[in-house]
Every structure is written in C-alpha cells, then in structure tokens.
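Bear in mind the structure is a predicted one, so any value in this text is a computation, not a measurement. For ligands, and for the atoms within them, numbers begin at 1 and follow the listed sequence.
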Amino acid sequence: MSVVGARPQFVKLAPIATALSDLGHEHVIVHTGQHYDPMLSDVFFRDLGIPEPDAHLGVGSGSHGVQTGSILAQMDEELERFAPDCVLVYGDTNSTLAAAVSAVKLHYPVAHLEAGLRSFNRGMPEEHNRVLTDHAADLCLAPTQVAMEHLASEGLAARSALVGDVMTDVLFTVRDRIGDQQTANPLLPELSPEGYYLATIHRAENTDDPQRLCEVIASLGAADKPVVLLAHPRVRARAASHGVELEQGSVIVRDPLPYPELIAAAIDSAGVVTDSGGLQKEAFLLRVPCTTVRFETEWVETVDLGWNVLANTPDDILAALTRPAPSPTDAAPYGDGHAAQRAVEAIVSRLSI
Ligand code: UD1
C-alpha cells in the first residue's frame, strides 16, 4: 500500500507503481487528499500514468494537527480493509507522518521512501515529519550515501538500504520523452530560451511571515531577466492575506505547471530559483544552475558540486542568479534512474514479503 497526498509524492509514486506492476505485485494506492487542486494532484496521475487511487481520504487543508489527525483517524479503516503486506510512505509531508504512525500502531510493516534526509532545522515541519517517520519505519529506503550516514548516526543502520533517488527515475524518463517529442516550452513564445528564470516559492518559512515573503518577492522583482513564478496556492493565499503583491518588477506570476511542462520550462531557463526540495535536484540533474532560497538543504550534493547556491538576502539572491556557469560534472550522487526497482526489491527481501 502506498499512501500519498501531496504533489511531490505523486512524482515519487509513479516509478514505484511501474516497478511494482513490472515485478508482479498487487498495489493499493491511498490518496489522503492533502493536495486537492487539480494542478497539484490530478494532472500528475494523468501525465505520469499513475493508476487511480483505491481510496481517497479527502482531508484537505488545515493546521498541522487537524490535517495529520484527520489522516490518522481515517487510516485505521483503510488498513483493516486492505490488510497490506507493507505500507510505503513517501518523503516528509504531514501525510507521510500520519500514515507511518497509523500503520505501526496496527502492526503493519512500514517502509519509508526518501529516508535519511536531514536539514537539521527543527523549525521546519518537514524535518519533524522525516525524523519521526524514519524512527517509526521498519525499513528506511535512502536516496543517497549522505542519507545513509544520517540514518547510521541515529542508530538506524540495520534498518536502512541505499536504493537511489526515485525522482531521478522519473526525471530521466520525462526528459528523454521531451527530447524525443521536442515538446514546446509551455512558457514560450513570450519568453525566449535562457531569457528567463524559473521560480517556485512555497515553504512555510518563506511564506508565513509577511516581512520574509515581501523580501523574497522584492529580490526576485529586482532580477536582470523576467522571473516566472509558478505560484503554489499556498504562496498565493499567504500573499493575499499579508497584502503582498506577487507580480512586481521582473516577476511574472503563472499557475503551477504539470510535470513534463515544468521540466521543459526548467531546461529552457537561464536558472532556477526555488525553495522546493525536488526542483533543486531536478535542476542539478538537468545541469541548470539553481539558487535555493533557504538557509540549508537536504540535497547537499547539489551545493558541493557547485550547481546550487543557498541565498537569502536580496543581495545574495541577485548575486547567485547572475553567477558564472558552474563547472561541468558527470557526478551521479542520485543514482542511475533505476531506484524504484531497487526499492521494491529491498521491500520484498528485507520485509520478507
Ligand atoms: C506540503 C508539504 C511540503 C511539501 C509541499 C509540496 C507538509 C507539512 N508540507 O506543503 O513538505 O513541500 O506540500 O507542495 O506536509 N492549498 C490549496 N490547494 C491544495 C493544497 C493546498 O489551495 O490543493 C493551499 C491552502 O491554502 C493550504 C496551503 O496551500 O492551507 C498549504 O497546504 P499544505 O498541504 O498545508 O502544505 P503545502 O504548503 O502544500
């Protein structure tokens, strides 16, 4: 049983669903409903060929306690209904933590995909979710060697397996499809290739405080090229309630894009500026320079290899956007694009399914 609820989890689910089907396993999908807007949910199932969910909890938005608690309260019934051999949870959202806790309480084996990532920033909701989920899980499926080291230092080495990063699997498939079909960049014709930066800002630490949101948007507005801000509903909602105008200076606001269009837009951009975890890594894999508007990153390899820069003050953000191109590298810290198959094999062998 896969339990998913938020946009990045649907991306991770896609290669897992394929690998489970290829290896002949039965797969039940539970959608918590944490993300419900079609552009944050349905389009991913459609474009990435993911089977329809078998159950939908419809929890919607709410405070951490309400959202997490609502999933917890409804999961007992789904676990009893489907009696899975393993409950697979993904990443670091409230859906991840709630599903992991509900499964361990009812003694269903839990595997955590994308285990071992750490920002060491205990103010982030994602950090609470990932630490607690790793410690609840029977099997921690790590995307990188660094993640394996974090798990080992927390005493979880015996329960951990290095499988690689499943988002890399999806990205390589979609990138090759775009190359074959020469899909038009969805942001063109109004913007020429390398004539714009692609931006996403949605994290609580950048959106919840009015002053912080104001400063980040003003920095993007002062950029030397148009900045296409693909506005997650959270940033739109917070900007409206704080009275912050998103479309200022160089900033052009657009709705979030479906996954293949997002990748096409990133490939054509002069650089990515983001606080998303996934997009930092996608930019690196596409060899597009990335500026990350955060004080730390879980994907430290992108910074160590020179393709990602952490920048927070307006001056630092603007300097990072216009920095010279990083040195080419053929390093592959995120695996070879076959992580999902290894994850399924690890689940079967380590949990004796
Ligand atoms: C969640 C995850 C975050 C992940 C992100 C990916 C948690 C704590 N956070 O953040 O780790 O990076 O998903 O996008 O789980 N909203 C809508 N429509 C939707 C969903 C949300 O309008 O379909 C708006 C609502 O105003 C809601 C706000 O976005 O209150 C925040 O949504 P929420 O699910 O709490 O967290 P995200 O910011 O999406």
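Compare Met39, Arg234, Glu126, Gln67 by their heavy atoms: the one nearest to atom 29 (O) of ligand 1 is in Arg234. Relative to atom 4 (C) of ligand 1, the option among His202, Glu127, Gln34 with the closest non-hydrogen atom is His202. When the options His35, His128, Arg7 are ranked by their closest heavy atom to atom 13 (O) of ligand 1, first place goes to His35.
Phe120 has its ring centre less than 6.0 Å from the ring centre of His150. Ring centroid separation for the pair Tyr334 and Trp299 comes in under the 6.0 Å cut-off. Between His31 and Phe10, the ring center distance clears the sub-6.0 Å criterion. In summary, the aromatic rings of His112 and His135 are positioned with their centroids too far apart to meet the 6.0 Å limit.
Side-chain contact between Leu57 and Met75 is present, with at least one heavy-atom pair separated by less than 4.5 Å. In this structure, Asp54 and Phe82 have side chains that are in contact, with non-hydrogen atoms separated by less than 4.5 Å. Looking only at side-chain heavy atoms (C-beta outward), Leu40 and Pro256 come within less than 4.5 Å of each other. Glu298 is listed as a side-chain neighbour of Arg130, based on a closest heavy-atom distance under 4.5 Å.
Less than 4.0 angstrom separates some heavy atom of Ser61 from each of these atoms of ligand 1: 16 (N), 21 (C), 25 (C), 27 (C), 30 (O). Atoms of ligand 1 lying under 4.0 Å from at least one heavy atom of His64, given by number and element, are 8 (C). Shown in contact with Leu40 at under 4.0 Å from a heavy atom are these atoms of ligand 1, numbered in order with element: 19 (C), 20 (C), 23 (O). Which parts of ligand 1 touch Asp92 is read off a 4.0 Å heavy-atom cut-off, strictly below it: atoms 11 (O).
Between the side chains of Ser21 and Thr18, no donor N or O sits under 3.5 Å from an acceptor N or O.
The shortest N or O to N or O distance between Arg238 and ligand 1 is not below 3.5 Å. Considering backbone and side-chain atoms together, Asn94 places an N or O closer than 3.5 Å to an N or O of ligand 1. Taking only nitrogen or oxygen atoms, main chain and side chain alike, Asp37 reaches within less than 3.5 Å of ligand 1. Any N or O atom pair closer than 3.5 Å counts here, and Asn129 shares no such pair with ligand 1.
The protein heavy atom nearest to atom 22 (O) of ligand 1 is Pro233 CB, 3.0 Å. The nearest heavy-atom contact from the protein to atom 26 (O) of ligand 1 is Ala237 CB, 4.0 Å. Residue, atom and distance of the protein heavy atom nearest to atom 2 (C) of ligand 1 are Thr93 CG2, 3.8 Å. Scanning the protein heavy atoms around atom 16 (N) of ligand 1, the nearest turns out to be Tyr36 OH, 3.6 Å.
Residue-level proximity to ligand 1 for Pro8 is carried by the side chain, the only part with a heavy atom below 4.0 angstrom.
Between Phe44 and Tyr259, the angle of the ring planes lies from 30° to 60°, which puts this pair in the tilted group.
Heavy atoms of Arg236 come nearer than 4.0 angstrom to ligand 1 in no pair at all.
In summary, Arg238 and Asp208 engage in a salt bridge, as defined by a charged side-chain N under 4.0 Å from a carboxylate O.
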